[in-house]
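As structure tokens, the structure follows; a few thoughts come after it.
Computed from a predicted structure; not experimentally measured. Here is how names work: the chains are called A, B, and so on, in the same order as the sequence lines, proteins then strands, and each is numbered from 1.
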Amino acid sequence: MFDIKSICNNPEAFDAGLKRRGMAAAAEDIIALDRMRRATQTELQELQRRRNEASKAIGVAKARGEDVAHEMAEVRDLKEEYQEFERGERDLAETLDTLLAAYPNIPAEDVPEGADEDANVEIRRWGEVPQIVGEAKQHFELGEALEMMDFERAAKISGSRFVVLSGALARLERALAGFMLDMHTEEFGYTEVAPPILVRENAAFGAGNLPKFSEDLFRTTDDYWLIPTAEMPLTNMIAGEILDETELPMRFASYTPCFRAEAGAAGKDTRGMIRQHQFGKVELVSITHPEKSNDEHERMTECAEEVLRRLGLHYRTVVLSTGDMGFSARKTYDIEVWLPGQNTYREISSCSNCGDFQARRMDGRFRSEGVKGTKFVHTLNGSGLAVGRALVAVLENYQNPDGSIVVPEVLHSRMAGLKRIG
RNA sequence: GGAGGGGUGGCCGAGUGGUUUAAGGCGCACGCUUGGAAAGCGUGUGUGCGUUAACGCGUACCGCGGGUUCGAAUCCCGCCCCCUCCGCCA
């Protein structure tokens, strides 16, 4: 959501931002619409002023017991006219709001320009591609052979894009989630939050998922939306609030299920656990002072990467190009873990700085001592990490030729001492 | 599911048709006072839009949307949200 004033003050910057997103210039149309709205408002206000003046005079005259029938008839005639302007003003304002809500965030200046993920730029890499003895198997081959990962039964219960984990793999998922969550809360200053995972429309709007991307979400019959990420409830924690500057930054971490319709992904990643309708994720959200969000973005990405380092998983970090970024982001880092079974890097975390884009949509502000007025906070979110994909990564990276899995050392205590699965 | 209460500025809270130009309080800012502080006293303190060189002035906003009226925070209708009690339930 954009500040109409900033578009009017600097239309070139807005259009340049849209262009980097591969979109047509729009500032001219928006400004014309805004101008029309304000002109209508001015005329409306003049009519209202006349009405108020006359009505006040009627009140005074009536109190003196004078006959005011003529004056009342005169004001009555004004009514039709100003009601027309009232409607016009409201319609224009609504059109303008709807229009503004449909534009994605403007990319930060240091975001590489490009049409899609091919233009993403790798900025660092940790560890090395592990040497798998024998032919590297994919996670679902390993999981199914262990009889702890069951897609057939999941399909029987829920259809495609679901999985049933059992035994040590179910435990492994829980261990991974607990490991991540404890790390972020105990070492990195995040406050653990257990939020609702059904949310109302306004929360989905605030995060930027509605109204444009409703087809990506699941909805209940009584109009709750299932969260596609805990970013949705966590970011909305500050909706409609005016925080004190001293409360910033706020850092939240949650482990929740996430639900995605994957409407546009038909035929993509159909096998295995990479792309599911339901998956677990540990999510990080920060609410910061506008001047601190860039630093916080680096810090958050560091926190997410640290999880992979401790698990001993090779990864690289890329900055997304303008064409690959999400709707609400102004800059995004993706962390991609190496999957030997697929012989490629796959996204396991996405950390975004949304600037004030979401804060405007949900009206989240802060106040500084001694400063008049309020400012919008900045919001950031990042996976720390996607638990389902982390499980995939552990299976593929720690596989043995016999199909058994070595449990990473940092998880031993959470696996009741189990060092090897299978 | 049944019954009831409520939504007013940064916060609390008054306000059932006409100087409400939204009382009062808290908080905050500035000033006076003081050796310094506290207390006290005084002044100020929302947002959008328009207008003005500026001080200002005008207008809208009392959950949202309609309606009644010369005039609505106030009356009527619809919707959204919050709370309390009862019932059911993990």
Side-chain angles (χ1 to χ4, degrees), chain A residues 1-9 30-101 194 196-206 210-211 219-225 233 236-248 250 257 287 289 356 359-377:
Chain A
M1 181 69 94
F2 293 96
D3 179 12
I4 181 70
K5 252 193 265 178
S6 76
I7 297 176
C8 291
N9 290 340
I30 292 171
I31 291 171
L33 193 57
D34 179 58
R35 219 173 256 149
M36 211 190 307
R37 187 186 70 84
R38 277 182 290 128
T40 306
Q41 188 177 250
T42 302
E43 296 207 43
L44 170 65
Q45 288 182 357
E46 172 57 19
L47 289 166
Q48 281 168 329
R49 188 190 62 76
R50 281 164 61 192
R51 180 203 61 187
N52 290 350
E53 226 165 54
S55 290
K56 201 174 266 182
I58 289 171
V60 172
K62 236 184 168 177
R64 282 200 296 261
E66 295 169 13
D67 175 40
V68 290
H70 177 68
E71 285 80 355
M72 278 166 64
E74 256 180 10
V75 182
R76 197 181 297 128
D77 291 339
L78 268 180
K79 192 175 185 171
E80 221 168 280
E81 202 177 344
Y82 78 70
Q83 283 188 335
E84 197 177 303
F85 277 99
E86 243 174 14
R87 276 190 292 273
E89 200 273 340
R90 197 177 49 246
D91 288 351
L92 286 167
E94 201 187 307
T95 305
L96 190 59
D97 283 348
T98 307
L99 191 64
L100 287 176
I197 63 176
L198 294 183
V199 303
R200 272 209 278 260
E201 186 177 7
N202 57 340
F205 176 86
L210 289 182
R219 169 157 47 170
T220 71
T221 51
D222 42 7
D223 285 338
Y224 287 110
W225 298 82
N236 274 282
M237 295 266 283
I238 53 97
E241 296 195 16
I242 298 176
L243 305 165
D244 192 288
E245 185 179 357
T246 57
E247 295 175 80
L248 304 176
M250 295 174 112
I287 312 295
H289 187 284
D356 65 5
R360 282 181 189 282
R361 290 172 85 97
M362 61 182 73
D363 194 25
R365 294 168 290 169
F366 73 97
R367 190 193 301 281
S368 309
E369 200 185 323
V371 177
K372 220 178 128 168
T374 57
K375 284 187 190 151
F376 289 106
V377 295

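- Annotation: side chain of A/D356 is not in contact with side chain of A/D3 (no heavy-atom distance under 4.5 Å).
- Applying the Watson-Crick and G-U wobble criteria (two distances, each under 3.5 Å), B/U43 pairs with B/A29.
- Listed pair A/R200 / B/C81 meets the phosphate criterion, a side-chain N or O lying under 4.0 Å from OP1 or OP2.
- Between A/E241 and A/R365 there is no salt bridge, since none of the side-chain N atoms of the basic residue sits less than 4.0 Å from a carboxylate O of the acidic one.
- Proximity of A/R76 to the phosphate of B/C70: a side-chain N or O atom is located under 4.0 Å from OP1 or OP2.
- Taking atom CZ on A/R365 and atom C1' on B/G9, their separation rounds to 11 Å, with Å as the unit.
- Summarising the local packing, CZ of A/R35 is surrounded by 12 or fewer heavy atoms from other residues, nucleotides or ligands at distances under 6.0 Å.
- One atom, CG of A/D222, and another, P of B/G1, lie 10 Å apart when rounded to the nearest Å.
- Atom P of B/G13 sits at a distance of 16 Å from the matching atom of B/G25, rounded to the whole Å.
- With both ends at atom C1', the span from B/G15 to B/A72 equals 13 Å, rounded to whole Å.
- Using N1 to N3 plus N6-O4 or O6-N4 for Watson-Crick, or N1-O2 and O6-N3 for G-U wobble, each under 3.5 Å, B/A37 pairs with nothing.
- Here, B/G42 and B/C82 have their P atoms 43 Å apart, quoted to the whole Å.
- Put simply, CG on A/D363 is 13 Å from C1' on B/G48, counting in whole angstrom units.
- A/R38 places its CZ atom 11 Å from the C1' atom of B/G48, with the value rounded to the nearest Å.
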Tabulate protein N/O versus nucleotide N/O from nucleotides 61-66 of chain B, keeping only pairs under 3.5 Å, one per line.
{"unit_1": "B/G66", "atom_1": "OP1", "unit_2": "A/R90", "atom_2": "NE", "d": "2.6"}
{"unit_1": "B/G66", "atom_1": "OP1", "unit_2": "A/R90", "atom_2": "NH1", "d": "2.4"}
{"unit_1": "B/G66", "atom_1": "OP1", "unit_2": "A/R90", "atom_2": "NH2", "d": "2.4"}

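- Taking atom CG of residue A/D223 and atom P of nucleotide B/C80, one finds them 10 Å apart after rounding to whole Å.
- Atoms OG1 and CD1, from A/T374 and A/I242 in turn, are 5.5 Å apart once rounded to the nearest 0.5 Å.
- Rounded to whole Å, the P atom of B/C11 lies 14 Å from the corresponding atom of B/C64.
- Within 4.0 Å of A/I242, counting heavy atoms only, lie sugar-phosphate atoms of the nucleic acid but no base atom.
- Summarising the geometry, the separation between CG on A/D244 and C1' on B/A29 is reported as 15 Å, rounded to the nearest angstrom.
- Heavy-atom distances to RNA chain B give each of A/I4 and A/I58 a nearest nucleotide, and the one nearer the 5′ end belongs to A/I4.
- At a threshold of 4.5 Å between non-hydrogen side-chain atoms, the residues A/R51 and A/Q48 count as touching.
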Got a list of protein N/O to nucleotides 58-60 of chain B N/O distances below 3.5 Å?
{"unit_1": "B/G58", "atom_1": "N2", "unit_2": "A/Q45", "atom_2": "OE1", "d": "2.4"}
{"unit_1": "B/U59", "atom_1": "O2'", "unit_2": "A/Q48", "atom_2": "OE1", "d": "3.1"}
{"unit_1": "B/U59", "atom_1": "O2", "unit_2": "A/Q45", "atom_2": "NE2", "d": "3.4"}
{"unit_1": "B/A60", "atom_1": "OP1", "unit_2": "A/R51", "atom_2": "NH2", "d": "3.3"}
{"unit_1": "B/A60", "atom_1": "OP1", "unit_2": "A/N52", "atom_2": "ND2", "d": "3.1"}

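- Remark: the separation of the P atoms in B/U21 and B/U84 is 37 Å, to the nearest Å.
- Here the separation of B/G63 from B/G9, taken at their C1' atoms, is 14 Å to the nearest Å.
- With both ends at atom C1', the span from B/C32 to B/C80 equals 49 Å, rounded to whole Å.
- Remark: B/G50 base-pairs with B/C57; criterion is Watson-Crick or G-U wobble with both hydrogen-bond distances under 3.5 Å.
- Of the nucleotides present, B/C86 is the one that pairs with B/G1 by Watson-Crick or G-U wobble criteria, both distances under 3.5 Å.
- For the pair A/L96 CG and B/C49 P, the computed distance is 12 Å after rounding to whole Å.
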Inset, instruction - Begin with the C-alpha distance, continue with both residues' side-chain angles, and end with the deciding distance and a verdict on side chain to side chain contact (heavy atoms under 4.5 Å, CB included) for A/I58 and A/M72. - result: CA-CA 7 Å; A/I58 289 171; A/M72 278 166 64; 3.8 Å; yes
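- Distance CG/A/L96 to CG/A/D91: 12.5 Å, rounded to 0.5 Å.
- Between the CZ atom in A/F85 and the OG1 atom in A/T42 there is a gap of 10.5 Å [rounded to 0.5 Å].
- Under a cut-off of 6.0 angstrom, the local environment of CD in A/E94 is sparse, with at most 12 non-hydrogen atoms contributed by other residues, nucleotides or ligands.
- For the pair A/N202 CG and B/C82 C1', the computed distance is 13 Å after rounding to whole Å.
- A 4.5 Å side-chain heavy-atom check between A/L47 and A/E43 finds every atom pair outside the cut-off.
- Across the C1' atoms, B/U68 and B/C76 are found 7 Å apart, a figure rounded to whole Å.
- Counting heavy atoms from C-beta outward, A/M250 and A/L243 have side chains that approach closer than 4.5 Å.
- A 3.5 Å limit on both hydrogen-bonding distances identifies B/G63 as the Watson-Crick or G-U partner of B/C79.
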